[in-house]
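Inspection log for the structure reproduced underneath, given as structure tokens.
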Amino acid sequence: MTTSRDIISLTDQVSARNYRPLPIVIARAEGVWVWDVEGKRYMDMLSAYSALNQGHCHPRIVQALKDQADKVTLTSRAFHNEQLGPFLAELLAMCRQELALPMNSGAEAIETAVKAARKWGYQIKGIAADRATIIVCEGNFHGRTTTAVSMSSEPQYREGFGPFTPGFTIIPYGDADALAAAIDENTAAFLVEPIQGESGVIVPPDGYLTAVREICTDRNVLLMVDEIQTGLARTGKLFACDHEGVRPDVLVVGKALSGGILPVSAVASRRDVLGVFEPGDHGSTFAGSPLACAVARAALAVIRDENLADRAAELGEHFRGELLKLDSPLVAEVRGKGLLNAVELKPDAPKTARQCCEHLMAEGMLCKETHDNVIRFAPPLVIAPADLDWALGRIAAVLA
Ligand SMILES: *Cc1c(COP(=O)(O)O)cnc(C)c1O
């Protein structure tokens with residue numbers, strides 16, 4: 001039998017080194033559990049960066065995949081298919097927006113939002129040609145394309161990849177006054193994450209989204225919210241904006257939109273924003289395929305029918321409460337919302353976040369560090385309370 005060691009060795013020889021995975025080869029998965037090649041079981045506490053909110057291989061979503069795969073998988077947007085209209089209608093009903101545009105990856109959806117905001121800036125707001133700017137936040141993560149890293153403040157995301165796309169202004173995160181001060185006549189949009197996931201689960205002050213909503217409305221600037229990681233029940237509401245009852249002008253979703261089965265993302269907006277696109281302006285061969293749309297419809301149905309937002313809210317409350325009780329000498333802070341949580345280690349902690357993740361793996365739990373000192377805990381939202389308590393036991397053992 002081919003061992004995990006053989007597979008890792010082959011992969012290391014032929015794969016570009018743009019990731020540093022933990023040394024586990026996952027061969028099978030179900031719900032919150034995965035099994036390696038040797039048959040050892042682990043709990044998945046990363047959920048593919050929140051793409052697996054519905055759990056691995058959810059039977060209802062897998063069935064939708066199989067049923068549609070037997071009928072038709074790809075039509076391209078040169079022709080209509082039966083699934084696109086219903087999918088977008090169901091998505092729009094969930095996020096209270098008016099028009100939607102499907103894409104594949106999150107980064108592509110961000111690119112789409114940037115293009116829509118710029119064209120809206122010229123056509124509707126009246127910004128002079130090629131002058132439109134978009135304000136973004138320090139510590140943001142919006143993907144890895146050239147334009148997405150052009151708005152990043154993270155040196156490693158950018159080094160060696162210039163020249164960059166112009167037209168972005170970076171302001172501090174969580175500071176509404178900084179937004180008000182940065183807006184000028186060329187500002188088309190403000191793009192923001194409700195919680196910065198990749199930056200280490202940074203939660204802004206209460207009232208931040210309400211304040212930036214008000215500023216954007218007053219100044220005729222689009223509020224574009226990147227809910228690729230926070231959306232679709234992860235933080236205890238369907239969308240993280242819902243915690244403050246804020247409706248953005250543009251909402252970007254991805255990751256859990258397909259329950260981790262296919263890359264499916266989308267931009268949803270007010271009618272006048274995506275309304276600027278005309279035939280030929282934008283597109284993608286695979287986006288909106290009947291296969292992707294059928295899978296996404298099932299993924300959304302699971303979120304709704306299994307009350308995943310309420311589950312995330314209740315279980316998250318319990319999880320953070322128990323983490324706070326640990327009273328670990330390593331822990332500087334516990335933070336998060338719903339089931340998107342993180343532990344920040346003290347600067348002088350005797351273990352790095354990476355070492356903690358290696359120890360957790362030995363205990364049967366898969367986590368990933370963000371930066372050097374933060375461990376993110378984001379299990380599938382279908383996790384059973386008893387399994388979450390088992391996870392807390394493992395975490396307590398490693399952080400003791
Ligand atoms: C993951 C992520 C993206 C990028 O999505 P990809 O599918 O990896 O391109 C963008 N924004 C946020 C907030 C994310 O978490």
Side-chain angles (χ1 to χ4, degrees), residues 16 18-19 21 46-53 95 101-117 134 136-154 156-158 161 165 168 170 173-174 189-204 208-209 223-235 237 239-241 248 250-268 284 286-288 292 295-296 299 312 336-342 368-371 374 376-378 380-381:
N18 57 326
Y19 280 90
L46 180 66
S47 304
Y49 304 92
S50 296
L52 288 158
N53 289 357
C95 65
L101 193 161
M103 277 283 137
N104 310 285
S105 69
E108 283 176 299
I110 291 291
E111 294 275 342
T112 303
V114 166
K115 287 172 76 174
I134 293 173
V136 298
C137 290
E138 235 163 72
N140 74 69
F141 182 82
H142 299 296
R144 299 295 201 153
T145 57
T146 310
T147 292
V149 300
S150 295
M151 40 179 133
S152 175
S153 59
E154 180 65 33
Q156 205 207 337
Y157 296 170
R158 296 166 57 92
F161 302 127
T165 308
F168 298 105
I170 300 180
Y173 185 58
F190 175 50
L191 173 62
V192 66
E193 297 155 86
I195 293 174
Q196 289 185 331
E198 292 319 291
S199 201
V201 188
I202 310 297
V203 184
Y208 176 60
L209 287 175
L223 174 59
M224 305 206 294
V225 176
D226 179 347
E227 292 243 29
I228 292 169
Q229 186 160 160
T230 53
L232 301 171
R234 171 56 58 186
T235 71
K237 297 270 187 193
F239 298 97
C241 286
V250 177
L251 178 76
V252 187
V253 287
K255 294 205 165 109
L257 188 52
S258 72
I261 291 196
L262 290 169
V264 183
S265 64
V267 180
S284 158
F286 276 85
V295 164
K337 256 193 189 144
L339 281 175
L340 180 59
N341 294 295
K368 191 75 168 77
E369 74 279 6
T370 43
H371 303 279
V374 178
R376 169 174 26 194
F377 297 107
L381 310 182

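Treat the numbers as computed from the prediction; the structure is a model and nothing was measured. Counting from 1, the numbers follow the sequence of the chain as shown. Whatever order the structure lists ligands and atoms in, that order sets their numbers, starting from 1.
Judged purely by atom type and a 3.5 angstrom limit, T230 has no side-chain atom pairing as donor or acceptor with the backbone of P194.
Every ring pair (Phe, Tyr, Trp, His ring centres under 6.0 Å) that Y208 has, sequence neighbours left out, goes to Y173.
For a heavy-atom separation below 4.0 Å, the residues in contact with ligand 1 are S105, G106, A107, F141, H142, G143, E193, D226, I228, Q229, K255.
Summarising the geometry, atom NE2 belonging to H371 is positioned 10.0 Å from atom CD belonging to Q156; distances are rounded to the nearest 0.5 Å.
What you find for S47 and A378 is that their closest heavy atoms are OG-O, 2.6 Å. The two residues I170 and S152 have their closest heavy-atom pair at CD1-O, 3.9 Å.
F168 CZ: more than 12 foreign heavy atoms inside a 6.0 Å radius.
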